[in-house]
Asks: 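My questions all concern the structure below.
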Amino acid sequence: GQETKLIFDFGLGTNNNVEGTFTRARDGTRIISFEDGKYWINKKYEGPIGVFKDSANSNRVIVIQQVKGSDCVVQLRDGDEVTTLTAKAGNTFVFDFPDKGKVTASFNMTRRTLTFEDGTVWTKY
């Protein structure tokens with residue numbers, strides 16, 4: 001991929017300038033590497049793991065945590081009330097709601113949203 005040379009001034013005495021090289025890995029991970037072998041990594045893609053707000057309920061916060069592989073635990077937090085359910089990650093997410101059963105949602109990486117069949121949208125904070 002394309003490389004970009006960067007100069008950092010860390011204020012480290014007489015030689016304040018440190019050169020770094022910015023590149024992207026095949027998966028889109030951004031990397032700045034330094035001559036001493038150290039590097040910084042910034043992964044933009046976080047996927048649907050994280051904290052969301054609910055378009056249908058402004059008081060609700062949703063927390064999705066990966067347990068193992070495609071298995072996830074989901075907490076629906078409505079004030080002091082917390083409902084826990086499970087989900088399976090994949091090309092689509094399958095949530096197992098206690099009152100609705102299995103419900104499918106699609107994750108849009110660009111918009112950082114999970115969109116359900118009924119039109120409900122969860123937006124990642």
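Below, each value reflects all heavy atoms present in this structure, side chains not excepted, and no hydrogens, waters or symmetry copies.
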Asks: State which residues pass side-chain contact (heavy atoms from CB on, under 4.5 Å) with T115; sequence neighbours excluded, sorted by chain then number.
Replies: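 T115: side-chain contact (heavy atoms from CB on, under 4.5 Å) contacts with T113, V121.
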
Asks: If you measure from OG1 on T23 to CD on E3, what distance do you get to the nearest 0.5 Å?
Replies: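 Output value for this atom pair is 6.0 Å.
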
Asks: Rounded at 0.5 Å granularity, tell me how far CD in Q75 sits from CD1 in I64.
Replies: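 CD1 of I64 is found 11.0 Å from CD of Q75.
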
Asks: Could you give all pairs that pass the salt bridge (Lys or Arg N to Asp or Glu O under 4.0 Å) test and reach residues 50-64, with sequence neighbours left out?
Replies: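 For residues 50-64: D54-R60, R60-D78.
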
Asks: Do the side chains of F93 and M109 join up, straight or via other hydrophobic residues, at under 4.5 Å, putting them in one cluster?
Replies: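 Yes, F93 and M109 fall within the same hydrophobic cluster.
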
Asks: If every non-hydrogen atom of Y39 is compared with every non-hydrogen atom of S33, which pair is closest and at what distance?
Replies: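 For Y39 versus S33, the nearest heavy atoms are CB-CA, 4.0 Å.
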
Asks: What donor-acceptor contacts under 3.5 angstrom involve side-chain atoms of residues 94-102, with partners at least two apart or in another chain?
Replies:
none

Asks: State, with a plain yes or no, whether a side-chain heavy atom of V73 is found less than 4.5 Å away from one of T84.
Replies: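 Yes; the side chains approach each other to less than 4.5 Å.
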
Asks: Under 4.5 Å between side-chain heavy atoms, counting indirect links through other Ile/Leu/Val/Met/Phe/Trp/Tyr residues: same cluster for L85 and I49 or not?
Replies: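 Linked, L85 and I49 end up in one cluster.
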
Asks: In Å and rounded to the nearest 0.5 Å, what is the OG1 to CZ distance from T83 to R77?
Replies: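 Nearest 0.5 Å value for the OG1-CZ distance: 11.5 Å.
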
Asks: Is a donor on one side and an acceptor on the other found under 3.5 Å between the side chain of R112 and the backbone of Y125?
Replies: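 Confirmed, R112 side chain pairs with Y125 backbone.
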
Asks: Going from CD1 on I62 to OG1 on T123, what distance comes out if it is rounded to the nearest 0.5 angstrom?
Replies: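 OG1 of T123 is found 9.0 Å from CD1 of I62.
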
Asks: Side-chain contact test, heavy atoms from C-beta onward, threshold under 4.5 Å: evaluate it for T104 versus E117 and give yes or no.
Replies: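 SC-SC contact between T104 and E117 confirmed.
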
Asks: If I compare all heavy atoms of K124 with all of G50, which pair ends up nearest, and what's the gap?
Replies: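 Taking K124 first and G50 second, the nearest heavy atoms are CE-CA, 4.1 Å.
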
Asks: Are F34 and V18 side-chain neighbours, meaning at least one heavy-atom pair lies under 4.5 Å?
Replies: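 Sidechains of V18 and F34: in contact.
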
Asks: Please report the closest heavy-atom contact between S106 and T92, naming both atoms and the distance.
Replies: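 Answer, listing the atom of S106 first, then T92: OG-CG2, 3.9 Å.
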
Asks: Is it the case that the ring center of W40 lies less than 6.0 angstrom away from the ring center of F8?
Replies: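 Yes, ring centres under 6.0 Å apart.
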
Asks: Which heavy atom of F52 sits nearest to which heavy atom of P48, and what is that distance?
Replies: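 Closest approach of F52 to P48, heavy atoms only: CE1-O, 3.2 Å.
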
Asks: For the residue pair V74 and A87, what are the closest heavy atoms and their distance?
Replies: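 That would be CG2-CB, 3.9 Å.
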
Asks: What's the verdict on side-chain contact (heavy atoms from CB on, under 4.5 Å) for D71 and K88, showing C-alpha distance, side-chain angles and the deciding distance?
Replies: CA-CA 5 Å; D71 295 334; K88 285 273 190 195; 2.4 Å; yes

